[in-house]
K.L.:
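Sharing a structure with you now.
Indexing begins at 1, ligand by ligand and atom by atom, following the structure's order.
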Amino acid sequence: MHFSRFNPVRFAHLPTPFEPLPGLTEQLTREDGSGPTLWIKRDDCTGLAGGGNKTRKLEYLLGDALAQDADTLVTQGAIQSNHVRQTAAAAAIFGLKCEIILEARTGSNAVDYNRSGNVLLDELLGARHRTVAGGSDMNAELARVAAEVSAAGGRPYVIPGGGSNAIGALGYAECALELVTQANEMGLEIDRIITATGSAGTHAGLVAGLAVMGADIPVLGIGVRAPKDVQEANVFRLAQETAGLFGHAERVTRDMVVADCDYVGAGYGLIDRAVIDALKTIARSDAILLDPVYTGKAMKGLIALAKAGKFDGETVVFLHTGGAQGLFAYQSEMEGQL
Ligand SMILES: *Cc1c(COP(=O)(O)O)cnc(C)c1O
């Protein structure tokens with residue numbers, strides 16, 4: 001797969017580490033020795049002001065923005081968006097302005113949720129942000145702010161929520177190639193990849209990359225927001241579009257897209273006891289810091305499914321998509337439960 005054809009700009013720390021998870025593997029091994037062997041792909045270590053999965057997407061999106069001679073990045077996300085923080089960081093590197101629209105999606109009034117974590121970092125990185133009510137039409141908001149930038153003589157480049165269009169998803173097609181290459185070098189056979197799936201670019205990019213290269217490794221997305229039918233339809237559409245950039249849309253088939261959306265709990269960004277337990281489990285077994293909104297929910301799902309015997313005998317790779325900066329926004333909510 002010829003990624004340089006798409007002119008990404010390079011600032012991520014790649015390849016990210018690919019490591020075993022001995023502590024959690026031991027915890028999920030039953031008395032008769034059955035259970036999965038767990039590995040972790042450390043995309044929390046992509047290096048862009050705290051890193052995370054949006055960094056790979058932004059290499060391609062920034063390449064496109066610079067080719068269009070943009071001077072202002074415009075994007076949106078939930079108040080504690082990791083995508084917004086990484087976009088603000090990419091803008092800082094290239095001397096671009098950054099206009100952010102934050103959606104009060106969770107309805108939280110907590111001071112730490114609204115001021116700490118990623119919001120603090122957005123401000124530190126020099127982005128300008130405004131907040132709109134939960135449930136707002138965020139694409140309309142993006143168009144409105146882009147028009148404002150243009151009216152003031154600027155050259156806006158709009159990045160959709162999560163950086164999830166086909167250009168951004170190329171970053172995860174590339175991650176699929178990187179991961180398979182690492183496994184090949186180690187002589188390791190991967191049976192399954194598990195990732196959190198939200199705005200769909202990560203999941204879709206992985207599926208597209210694996211399908212185009214013919215790797216035949218199933219990907220399980222654990223949903224954090226939408227119901228299963230909606231999530232799978234979004235991922236499928238974007239995976240086909242991404243594979244289409246290589247001229248191979250037909251290699252992505254509907255059966256390759258699987259999302260389990262049974263672990264969302266009360267809603268996007270809302271945590272429960274099982275999420276906190278998942279955060280604690282892997283912090284204490286392997287010193288890995290997950291986040292409350294995405295990876296903590298994915299790990300809640302992984303642990304429940306592993307305990308139910310779903311991955312017995314498999315080598316399972318958990319994609320750590322980052323987000324630990326958001327932990328500080330949930331301090332008051334986790335108080336007394338650690
Ligand atoms: C955005 C995000 C995800 C979800 O990735 P999508 O490409 O939006 O599906 C997962 N984990 C973290 C930490 C994120 O910030």
K.L.:
Please work out whether any backbone atom (N, CA, C, O) or any side-chain heavy atom from C-beta onward of Asn53 is under 4.0 Å from ligand 1, and answer side chain, backbone, both or neither.
P.N.:
side chain

K.L.:
Report yes or no: do Tyr157 and Asp64 form a side-chain donor-acceptor pair below 3.5 Å?
P.N.:
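There is such a pair (donor and acceptor under 3.5 Å, judged by atom type) between the side chains of Tyr157 and Asp64.
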
K.L.:
Say whether Thr202, considering both its backbone and side-chain N or O atoms, lies within less than 3.5 Å of an N or O atom on ligand 1.
P.N.:
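N/O-N/O distance under 3.5 Å: yes.
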
K.L.:
Verify whether one side chain among Thr197 and Gln231 offers a donor that lies under 3.5 Å from an acceptor in the other.
P.N.:
yes

K.L.:
Of all the atoms in ligand 1, which lie at a distance below 4.0 Å from a heavy atom belonging to Thr197?
P.N.:
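The atoms of ligand 1 under 4.0 Å from a heavy atom of Thr197 are 9 (O).
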
K.L.:
Does only the side chain of Lys57 get under 4.0 Å from ligand 1, or the backbone, or both, or neither? Count heavy atoms.
P.N.:
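Near ligand 1, Lys57 shows its side chain, while the N, CA, C and O stay back.
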
K.L.:
Applying a heavy-atom cut-off of 4.0 Å, say which part of Lys54 lies close to ligand 1: side chain, backbone, both or neither.
P.N.:
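It is the side chain that touches ligand 1; the backbone stays farther off.
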
K.L.:
Would a line drawn from the ring center of Phe6 to the ring center of Phe246 be shorter than 6.0 Å?
P.N.:
yes

K.L.:
Using a 4.0 Å cutoff against the non-hydrogen atoms of Gly323, which atoms of ligand 1 qualify?
P.N.:
13 (C)

K.L.:
Measure up the Phe18 and Trp39 rings against each other and bin them: parallel (under 30°), tilted (30 to 60°), perpendicular (over 60°).
P.N.:
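Rings of Phe18 and Trp39: tilted, 30 to 60°.
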
K.L.:
Can you find an N/O atom of Asp291 closer than 3.5 Å to an N/O atom of ligand 1?
P.N.:
no

K.L.:
Asp291 and Gly322: which non-hydrogen atoms are nearest, and at how many Å?
P.N.:
OD1-O, 3.4 Å

K.L.:
With heavy atoms of Thr321 as the reference, note each atom of ligand 1 found under 4.0 Å away.
P.N.:
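Heavy-atom distances to Thr321 below 4.0 Å select 10 (C), 11 (N), 12 (C), 13 (C).
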
K.L.:
Among all protein heavy atoms, pick the one closest to atom 13 (C) of ligand 1 and tell me residue, atom and distance.
P.N.:
Gly322 O, 3.0 Å

K.L.:
Is a donor on one side and an acceptor on the other found under 3.5 Å between the side chain of Tyr263 and the backbone of Met299?
P.N.:
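No; zero donor-acceptor contacts below 3.5 Å.
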
K.L.:
Just which atoms of ligand 1 are under 4.0 Å from any heavy atom in Gly198?
P.N.:
4 (C), 6 (P), 8 (O), 9 (O)

K.L.:
Looking only at protein heavy atoms, which one is nearest to atom 8 (O) of ligand 1, and what is the separation?
P.N.:
Ser199 OG, 2.5 Å

K.L.:
Which of these passes salt bridge (Lys or Arg N to Asp or Glu O under 4.0 Å) with Glu174: Arg56, Arg10, Lys57?
P.N.:
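So, applying the salt bridge (Lys or Arg N to Asp or Glu O under 4.0 Å) to Glu174 and each of Arg56, Arg10, Lys57, only Arg10 qualifies.
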
K.L.:
In terms of hydrophobic clusters joined by side-chain contacts under 4.5 Å, are Val180 and Phe3 together?
P.N.:
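Cluster IDs for Val180 and Phe3 match.
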
K.L.:
Looking only at heavy atoms, is any part of Ala200 under 4.0 Å from ligand 1, and if so is it the side chain, the backbone, or both, or is it neither?
P.N.:
backbone

